[in-house]
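The structure appears right after this line, and notes come after that.
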Amino acid sequence: MATAHAAAGGAARRRPAVLGDLLPGALARDAALVAAAAVLTGLAAQVAVPLPGTPVPVTGQTFAVLLAGATLGFGRAALGMLLYLLAGIAGVPWFTDGESGTGSPTLGYVIGFVVAAAVVGRLAQRGGDRTPARTVATMLVGTAIMYAAGVPYLMASLHVGLGKAIDLGMTPFLAGDALKVLLAAGLLPAAWKLTGAARRR
């Protein structure tokens with residue numbers, strides 16, 4: 001009986017919690033995934049479309065952050081975004097439009113990336129990316145966290161009121177973020193189904 005319980009416990013520990021767990025290796029894999037998350041976010045930041053009347057452009061960063069959180073889990077995703085933040089502050093030119101340092105009024109969003117990736121990662125580890133409905137809820141939580149960090153920072157940087165900061169840093173992006181959430185809701189559950197089918201072969 002004890003042997004059976006031990007075997008069941010071992011099987012539970014080996015079960016992948018997030019998609020990143022499906023890759024072989026341990027320490028080297030995790031280090032590579034952390035670095036890849038930071039680099040992916042930096043590349044996505046260069047896909048920037050300026051909007052008139054706001055210093056906040058449309059970028060691919062938020063989608064990269066959400067995907068990193070869901071695929072890497074709590075620890076690796078948070079470390080990846082922390083690496084992105086700290087390296088950018090230190091001078092790596094991979095913030096939006098090749099910027100670095102602390103002078104951008106949009107730095108608050110990048111700070112929010114760390115928390116958003118961690119929370120999305122934790123939710124994904126609990127099955128928050130296994131079905132479209134759960135994925136939508138998980139991604140909405142992550143998106144809300146990014147706004148919760150970015151909008152107040154924008155308000156303080158530009159010396160404007162909360163309403164104006166929302167107009168500049170949130171309202172123009174809601175439709176695009178909704179599309180990103182829906183895209184994730186299609187991709188992530190499908191990826192789990194594909195990997196499950198492959199593992200059964």
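Basis for what follows: all heavy atoms, side chains included, without hydrogens, waters or symmetry-related copies. Quick caveat, the model's predicted, so the values are computed rather than measured.
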Original post:
Ignoring hydrogens and geometry, is there a side-chain-to-backbone donor-acceptor pair from Q46 to F95 under 3.5 Å?
Top reply: yes
Got a donor-acceptor contact below 3.5 angstrom from the S100 side chain to the P93 backbone?
no
Can you confirm whether [X] sits close enough to [Y] that some side-chain heavy atom of one is under 4.5 Å from a side-chain heavy atom of the other?
X	Y	result
T96	P57	yes
T138	D129	no
V181	L140	yes
L67	L188	yes
L154	P55	yes
L51	V56	no
T106	Y153	no
Q61	Y84	yes

Show your working on side chain to side chain contact (heavy atoms under 4.5 Å, CB included) between R29 and R76 and close with a plain yes or no.
CA-CA 10 Å; R29 173 199 65 191; R76 290 172 299 207; 3.5 Å; yes
Could you tell me the separation between the [atom1] atom of [X] and the [atom2] atom of [Y], rounded to the nearest 0.5 Å?
X	Y	atom1	atom2	value
L179	L174	CG	CG	11.5 Å
L187	L182	CG	CG	11.0 Å
M139	L123	CE	CG	9.0 Å
L33	T71	CG	OG1	7.5 Å
I89	L107	CD1	CG	5.5 Å

Check for me, please, whether [X] and [Y] land in the same ILVMFWY cluster - side-chain distances under 4.5 Å, paths through other members count.
X	Y	result
V47	L43	no
F74	L82	no
V92	Y109	yes
V151	V141	no

Nearest non-hydrogen partners of [X] and [Y], listed with the distance:
X	Y	value
A116	V65	CB-CG1, 4.4 Å
V120	G142	CG2-CA, 3.7 Å
S104	E99	CB-OE1, 3.6 Å
G112	I145	O-CG2, 4.0 Å
V114	L85	CG2-CD2, 4.2 Å
A38	G80	CB-O, 3.4 Å

Derivation and outcome, side chain to side chain contact (heavy atoms under 4.5 Å, CB included), residues W94 and T41: CA-CA 8 Å; W94 60 2; T41 307; over 6 Å; no
With M146 as partner, the option from L66, V110, V115, D177 fulfilling side-chain contact (heavy atoms from CB on, under 4.5 Å) is L66
Practice problem: Take T135 and T131 through the test side chain to side chain contact (heavy atoms under 4.5 Å, CB included) and record every step on the way to the result. | Solution: CA-CA 6 Å; T135 305; T131 69; 5.6 Å; no
(request) Step through it carefully: locate the ring centre of Y147, locate the ring centre of F173, and say whether they are under 6.0 Å apart. (result) no
- Please determine if D167 and K164 form a salt bridge, counting it only when a charged side-chain N lies under 4.0 Å from a carboxylate O. no
